[in-house]
There are 2 protein chains.
Amino acid sequence: MNISQTATETGLSAKTIRYYESIGLISQTRRKTNGYRDYEATDLKQLKFLCRARDFGFSIEDCRVLLSLYQNPERKSAEVHELVEKKLQDVDQRIRELQSMRSLLDKLISDCPNDTQPECAIIDSMAGREPLANINTGNLPAKLTGHEANG
Amino acid sequence: MNISQTATETGLSAKTIRYYESIGLISQTRRKTNGYRDYEATDLKQLKFLCRARDFGFSIEDCRVLLSLYQNPERKSAEVHELVEKKLQDVDQRIRELQSMRSLLDKLISDCPNDTQPECAIIDSMAGREPLANINTGNLPAKLTGHEANG
DNA sequence: TGTAAACCTTACACCTGGAGTAAGGTCAAG
DNA sequence: CTTGACCTTACTCCAGGTGTAAGGTTTACA
């Protein structure tokens with residue numbers, strides 16, 4: 001089977017399949033007499049496996065390990081478990097970081113007057129100034145007083 | 001002030017500062033007679049601003065816009081507000097994606113026996129097989145019966 | 001005065017995980 | 001015979017820098 005059909009069936013692009021071969025994630029593909037790559041059922045399984053593993057968020061290097069476990073009938077499920085557990089912790093860590101960032105952004109937004117004036121708590125905050133603290137606009141909403149509760 | 005001290009004070013690396021100059025995020029830096037870059041107070045403020053904006057998750061291109069707003073005394077706070085609002089939505093989207101990935105990983109983990117045997121629901125799942133479905137190990141826990149509820 | 005360390009400069013390669021493009025060979029249909 | 005779809009390799013490019021090389025400058029110390 002040619003690479004294009006293989007791409008369609010595995011969910012990867014032809015480009016990606018060639019790339020995986022070039023970095024040794026999959027082994028050199030058998031060629032037809034015309035030089036075209038020729039894939040068969042076991043190759044398709046392997047590539048589908050890789051596509052799913054990538055969808056699960058595993059890096060290429062993780063995939064190398066997962067693939068070797070996939071192909072090793074003497075694997076211990078605990079080895080796989082450990083790898084996935086580690087990945088889960090990575091994902092949790094990234095979620096926490098993003099949530100932290102999210103709450104910072106949310107605070108910026110709620111402090112910004114969102115009008116046609118240049119005074120902006122967002123700019124002030126990023127500039128390291130006290131947001132709006134020393135600017136006497138005379139009509140600051142009360143929400144600014146809730147500021148210190150979030151330090 | 002030399003670049004090294006500037007890096008220390010702004011929270012960026014010297015490498016990063018040169019990089020920002022090379023891509024035009026900051027303008028060409030004044031040089032001393034020996035060719036060394038020479039930074040002063042306003043440069044430090046600008047670089048600190050960039051460091052914070054990056055910490056908030058803004059891309060370099062976002063930073064270009066934020067910096068121009070920062071330096072424009074006729075800005076409207078609503079413009080800044082909109083940019084930050086958009087960023088917040090991006091972050092929310094990424095959090096949702098990661099949470100979705102997280103729940104998939106979590107399910108994989110709970111389905112894996114985590115022992116010394118090769119039978120592994122994680123591998124099966126990534127291989128596109130029914131996890132453990134056709135494997136008669138004889139001692140599968142009841143949790144596997146709950147599997148079809150998630151198709 | 002010598003010299004070694006610590007600083008500075010530019011320029012290039014490298015990282016992830018591919019995507020885009022060029023230049024050319026092959027194959028099937030009309 | 002040509003057209004278009006497919007295939008090949010090889011190269012560049014993306015973000016946002018980091019690492020390293022090769023060399024110039026400055027400072028401290030003996």
Side-chain angles (χ1 to χ4, degrees), chain A residues 1-26 28-40 43 46-67 87 90-91 93-94 97-98 101, chain B residues 1-26 28-40 43 46-47 49-67 86-87 90-91 93-94 97-98 101:
Chain A
M1 181 187 294
N2 281 350
I3 198 168
S4 189
Q5 182 65 21
T6 303
T8 301
E9 299 204 12
T10 60
L12 299 166
S13 72
K15 214 86 177 126
T16 298
I17 295 172
R18 287 194 201 98
Y19 172 68
Y20 285 176
E21 186 183 326
S22 80
I23 62 172
L25 180 55
I26 57 174
Q28 295 284 314
T29 311
R30 193 184 45 267
R31 303 296 180 116
K32 295 181 196 164
T33 52
N34 61 10
Y36 288 15
R37 288 174 180 80
D38 189 17
Y39 299 90
E40 56 184 69
D43 302 318
Q46 203 180 36
L47 289 167
K48 279 185 197 169
F49 180 89
L50 287 173
C51 183
R52 281 180 209 234
R54 293 286 298 131
D55 281 347
F56 278 116
F58 291 97
S59 71
I60 296 283
E61 291 314 304
D62 288 337
C63 286
R64 254 185 241 277
V65 178
L66 284 169
L67 202 53
K87 188 74 210 170
D90 287 353
V91 170
Q93 177 62 28
R94 278 201 286 161
E97 287 168 4
L98 282 174
M101 189 181 290
Chain B
M1 183 188 298
N2 281 352
I3 198 169
S4 187
Q5 181 67 20
T6 304
T8 301
E9 299 204 11
T10 59
L12 299 166
S13 73
K15 213 89 177 128
T16 298
I17 295 173
R18 287 193 202 98
Y19 173 68
Y20 286 175
E21 186 183 327
S22 79
I23 62 172
L25 180 56
I26 58 174
Q28 296 284 315
T29 311
R30 193 183 46 265
R31 305 294 182 118
K32 296 181 196 164
T33 52
N34 61 11
Y36 288 15
R37 288 173 179 81
D38 189 16
Y39 299 89
E40 56 184 67
D43 303 317
Q46 203 180 34
L47 289 168
F49 180 88
L50 288 173
C51 183
R52 281 180 210 232
R54 294 286 298 130
D55 282 346
F56 278 116
F58 290 97
S59 70
I60 297 284
E61 291 315 302
D62 288 336
C63 287
R64 254 184 241 279
V65 178
L66 284 170
L67 202 54
K86 207 165 284 175
K87 189 74 212 169
D90 288 353
V91 170
Q93 177 62 26
R94 280 202 284 159
E97 287 168 4
L98 282 174
M101 187 181 292

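Chain identifiers are assigned alphabetically (A, B, ...) following the order of the sequence lines, protein sequences preceding nucleic acid strands; residue numbering begins at 1 within each chain. Please read all numbers here as calculations on a predicted model, not as lab measurements.
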A.B. asks: 5'-most contact on DNA chain D: Glu61(B) or Ala14(A), nearest heavy atom basis?
C.D. replies: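 On the 5' side of the pair lies Ala14(A).
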A.B. asks: Could you check if a side-chain atom of Cys51(B) sits within less than 4.5 angstrom of a side-chain atom of Leu47(B), using non-hydrogen atoms only?
C.D. replies: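 Counting from C-beta outward, Cys51(B) and Leu47(B) never come under 4.5 Å.
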A.B. asks: Would you check if the side chain of Asp62(A) reaches a backbone N or O of Ser59(A) as a donor-acceptor pair within less than 3.5 Å?
C.D. replies: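 Yes, because the side chain of Asp62(A) sits within donor-acceptor range (under 3.5 Å) of the backbone of Ser59(A).
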A.B. asks: On DNA chain D, nearest-nucleotide positions of Gln5(A) versus Thr33(B): which is more 5'?
C.D. replies: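 On the 5' side of the pair lies Gln5(A).
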A.B. asks: May I ask you to verify if any side-chain N or O of Thr16(A) is less than 4.0 angstrom from the OP1 or OP2 atom of dG17(C)?
C.D. replies: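 Answer is no, no contact under 4.0 Å.
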A.B. asks: Could you tell me whether the side chain of Asn34(B) and the main chain of Tyr36(B) form a donor-acceptor pair under 3.5 Å?
C.D. replies: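 At least one qualifying donor-acceptor pair exists.
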A.B. asks: Is any side-chain nitrogen or oxygen of Ser4(B) closer than 4.0 Å to OP1 or OP2 of dA6(C)?
C.D. replies: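 Looking at the OP1 and OP2 atoms of dA6(C), neither is under 4.0 Å from any side-chain N or O of Ser4(B).
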A.B. asks: Can you tell me the distance, in whole Å, between the OH atom of Tyr19(B) and the P atom of dC12(C)?
C.D. replies: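 Between P of dC12(C) and OH of Tyr19(B): 17 Å.
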A.B. asks: Do the side chain of Tyr20(B) and the base of dG16(D) come within less than 3.5 angstrom through a donor-acceptor pair of N or O atoms?
C.D. replies: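 No such pair is found, so the answer is no.
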A.B. asks: Take Asp43(B) and Thr6(B) through the side chain to side chain contact (heavy atoms under 4.5 Å, CB included) test and state the conclusion after the steps.
C.D. replies: CA-CA 9 Å; Asp43(B) 303 317; Thr6(B) 304; over 6 Å; no
A.B. asks: Quick check: does any side chain N or O of Asp38(A) sit under 3.5 Å from a backbone N or O of Arg31(A), one acting as donor and the other as acceptor?
C.D. replies: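 Flag not set: sc Asp38(A) to bb Arg31(A) has no pair under 3.5 Å.
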A.B. asks: Between Leu25(A) (CG) and dG17(C) (P), how many Å, whole number?
C.D. replies: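 About 10 Å, once rounded to whole Å.
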A.B. asks: Using whole Å, what does the distance between atom P of nucleotide dT8(D) and atom CD of Gln28(A) come to?
C.D. replies: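 So the two atoms are 12 Å apart, to the nearest Å.
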A.B. asks: Mind checking if Arg54(B) touches a base, just sugar-phosphate, or nothing, with heavy atoms under 4.0 Å?
C.D. replies: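 Sugar-phosphate, backbone atoms only, no base.
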A.B. asks: Does dC27(C) have OP1 or OP2 sitting under 4.0 Å from an N or O in the side chain of Asn34(A)?
C.D. replies: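 Checking Asn34(A) against dC27(C): at least one side-chain N or O falls below 4.0 Å of OP1 or OP2.
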A.B. asks: Within the 4.0 Å heavy-atom criterion, would you say Ile23(A) contacts the bases, only the backbone, or no part of the nucleic acid?
C.D. replies: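 Ile23(A): no heavy atom of the nucleic acid under 4.0 Å.
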A.B. asks: Whole angstroms only, please: what is the CE-P distance between Met1(B) and dC7(C)?
C.D. replies: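 For the pair Met1(B) CE and dC7(C) P, the rounded distance is 15 Å.
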A.B. asks: Strictly below 4.0 Å, N to O, side chains only: are Arg64(A) and Glu61(A) in salt-bridge contact?
C.D. replies: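 Yes.
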A.B. asks: What is the distance, to the nearest angstrom, from the OH atom on Tyr39(B) to the P atom on dT9(C)?
C.D. replies: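 In whole Å, dT9(C) P lies 7 Å from Tyr39(B) OH.
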A.B. asks: Under 3.5 Å, side chain of Lys87(A) to main-chain N/O of Gly57(A), donor-acceptor pair present?
C.D. replies: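 At least one qualifying donor-acceptor pair exists.
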A.B. asks: For dA15(D), does OP1 or OP2 lie under 4.0 Å from any side-chain N or O of Ser59(B)?
C.D. replies: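 It does not, given that no N or O in the side chain of Ser59(B) lies less than 4.0 Å from OP1 or OP2 of dA15(D).
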A.B. asks: Any ion pair linking Arg18(B) and Glu21(B) (charged N to carboxylate O, less than 4.0 Å)?
C.D. replies: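 No, Glu21(B) and Arg18(B) are not salt-bridged.
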A.B. asks: For nucleotides 20-22 of chain D, list the nitrogen or oxygen atoms of the protein found under 3.5 Å from its nitrogen or oxygen atoms, one pair per line.
C.D. replies:
from, atom 1, to, atom 2, distance (Å)
dT20(D), O4, Lys15(B), NZ, 2.6

A.B. asks: Expressed as a whole number of angstroms, how long is the span from Asp38(A):CG to dC27(C):C1'?
C.D. replies: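 Computing the Asp38(A):CG to dC27(C):C1' distance gives 15 Å.
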A.B. asks: Nearest whole angstrom, please: distance from the P of dC7(D) to the CZ of Arg37(A).
C.D. replies: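 Result: 10 Å.
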A.B. asks: Can you tell me the distance, in whole Å, between the OH atom of Tyr36(A) and the P atom of dC7(D)?
C.D. replies: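 To the nearest whole Å, that distance equals 7 Å.
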A.B. asks: Arg31(A) side chain N/O closer than 4.0 Å to the phosphate oxygens (OP1, OP2) of dC7(D)?
C.D. replies: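 For Arg31(A), the contact criterion (side-chain N or O under 4.0 Å from OP1 or OP2 of dC7(D)) is not met.
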